[in-house]
Amino acid sequence: MAASLLLNRVSRSVSLQRLGGGALRFSSLDAQIHGGRISGALFPERSLATLAKGASCFDEMVTANQRKYYLLGGKGGVGKTSCAASLAVKFASHGHPTIVVSTDPAHSLSDSFSQDLSGGVLKPVQGVDSPLLALEITPERMKEEIKRQAGGDKSVKNMMDSMGLGMFAGELGDLNLEDMLNAASPGIDEIAAISKVLQFVESPEYSRFTRIVFDTAPTGHTLRLLSLPDFYDSSISKITKLKKKITAAASAFTSVFGKKKEIQEQGPSNELDQLKERMEKVRNVFRDVDTTEFVIVTIPTVMAINESSRLHASLRKENVPVHRLIVNQLLPPSESDCKFCSVRRKEQTRVLGLIEKDTELSGLKMIQSPLLDAEIRGVPALKFMGDLIWK
Ligand SMILES: Nc1ncnc2c1ncn2[C@@H]1O[C@H](COP(=O)(O)OP(=O)(O)OP(=O)(O)O)[C@@H](O)[C@H]1O
């Protein structure tokens, strides 16, 4: 008999059970799944076994106590947030104090957890055993922080003075910090994300969190985020060299004309060197095979697969470790199929074949995640999805 699954909402509690008795029972608290039925057509009994296909080797991900970073990314709308949130819940359920961070300006962590996690600060996720904190990074909050660090001063010149760059600021004296931050907007999300990574790496207050999961923005943004530390690193190096040249020229001028030396030689601990050091730290975190992994999330369509393939090529070029590919929203096989489903399923099977032949993707561990017929919202639903994907 074809078994079916029910997502029932019973007085603010959800229970998922296999009709006719069975092991797959899931009951909990406060999910926002609305009485959706996962039909026999999509989930015949045979297909429950198929859901286990493509194990993620979660054991590898959960065993070490040392801090690990997981970045989940891919094309828009493929299920990055759902996969990232379900992974964070799974880590927390296994006893890891975990932080899940959204670096996507169009945040959906709050929607995914069905809790208010907005505001740009770490907020505890309710309904999880171990500490799980969530953060939706907001550029607005980041701009406020920069302004505060600049001492509330509105002028770019004073800010640059305070960074030891006053000598370059002559032309910028009239520029307003607000204008500059607004002009930098396309990159400010990534800068905000990097500054958070730094806080997690450096600050003792976060040291007990052993898993940090990033729900990243669609591909373009994410690649910019990963390459930004390098970009800064090289820019800072250029500025430092330039500064040294100017200092040397100024001392030569002083020794010839005996004028008061106006530009002081900066020691190795100046702000620029510190900034460079911190950028190196972020860059190293993104590339450290022992601590970091980028998980590509995709769906079984040719367009998504092509983009995933390009994403993997770029990540490889950046030396960012990638081992796993989640193919989300797969229709499980069925015995009784409508025409529409059988056409879609055939196409999905063809696309899975393309992944196996794709030179970029074929070497990755493929995790198949089924299309559910209810939206994945709330901790119980995320636990359910997590148990299908992360095992
Ligand atoms: N396997 C699945 N079965 C059913 N619905 C799913 C599945 N995966 C994701 N969804 C739903 O698809 C929608 C988009 O998912 P999600 O927000 O996780 O994607 P995303 O890639 O993070 O999107 P964006 O790029 O817009 O941030 C959500 O409504 C989510 O509940």
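For ligands, and for the atoms within them, numbers begin at 1 and follow the listed sequence.
- Heavy-atom proximity to atom 2 (C) of ligand 1, evaluated over Ile376, Asp111, Val297, is greatest for Ile376.
- Looking only at heavy atoms of the protein, atom 29 (O) of ligand 1 is closest to Glu375 OE2, 2.8 Å.
- Distance remark: protein heavy atom not present below 4.0 angstrom from atom 13 (C) of ligand 1.
- The nearest protein heavy atom to atom 6 (C) of ligand 1 is closer than 4.0 Å.
- We find the CZ-CG distance between Arg310 and Leu361 to be 11.0 Å, quoted to the nearest 0.5 Å.
- For Glu293 and Lys68, the salt-bridge test fails: no basic side-chain N is under 4.0 Å from an acidic carboxylate O.
- A donor-acceptor contact shorter than 3.5 Å links the side chain of Ser207 to the backbone of Pro204.
- Here the shortest heavy-atom distance to atom 23 (O) of ligand 1, taken over Ser102, Gly77, Ala106, belongs to Gly77.
- Among Met385, His107, Lys80, the residue whose heavy atom lies closest to atom 25 (O) of ligand 1 is Lys80.
- Taking a 6.0 Å sphere around CZ of Arg344, one finds it holds 12 or fewer heavy atoms contributed by other residues, nucleotides or ligands.
- In this structure, Ile389 CD1 and Leu382 CG are separated by 9.5 Å, a value rounded to the nearest 0.5 Å.
- By the criterion of a heavy-atom distance under 4.0 Å, neither the backbone nor the side chain of Ala217 is placed next to ligand 1.
- A side-chain donor-acceptor contact under 3.5 Å links His312 and Glu360.
- For atom 27 (O) of ligand 1, the nearest non-hydrogen atom from the set Leu72, Leu372, Asp104 belongs to Asp104.
- For the pair Cys83 and ligand 1, no heavy-atom separation below 4.0 Å is found.
- Counting heavy atoms closer than 4.0 Å to ligand 1, residue Asn328 contributes side-chain atoms (C-beta onward) but none from N, CA, C or O.
- Lys75 and Ala304 make their closest contact through CD-CA, 3.8 Å (heavy atoms, listed as atom of the first residue, atom of the second, distance).
- Distances from atom 1 (N) of ligand 1 to the heavy atoms of Gly79, Pro370, Ser82, Ala85 show the closest one on Pro370.
- Residue, atom and distance of the protein heavy atom nearest to atom 22 (O) of ligand 1 are Thr81 OG1, 2.7 Å.
- The aromatic rings of His96 and Phe91 lie perpendicular to each other, with more than 60° between the two planes, well past the 30° mark.
- Side-chain contact check for Ser108 and Thr81: at least one donor-acceptor pair (N or O, by modelled atom type) lies under 3.5 Å.
- Of all the atoms in ligand 1, the ones that sit under 4.0 Å from a non-hydrogen atom of Gly76 are 25 (O).
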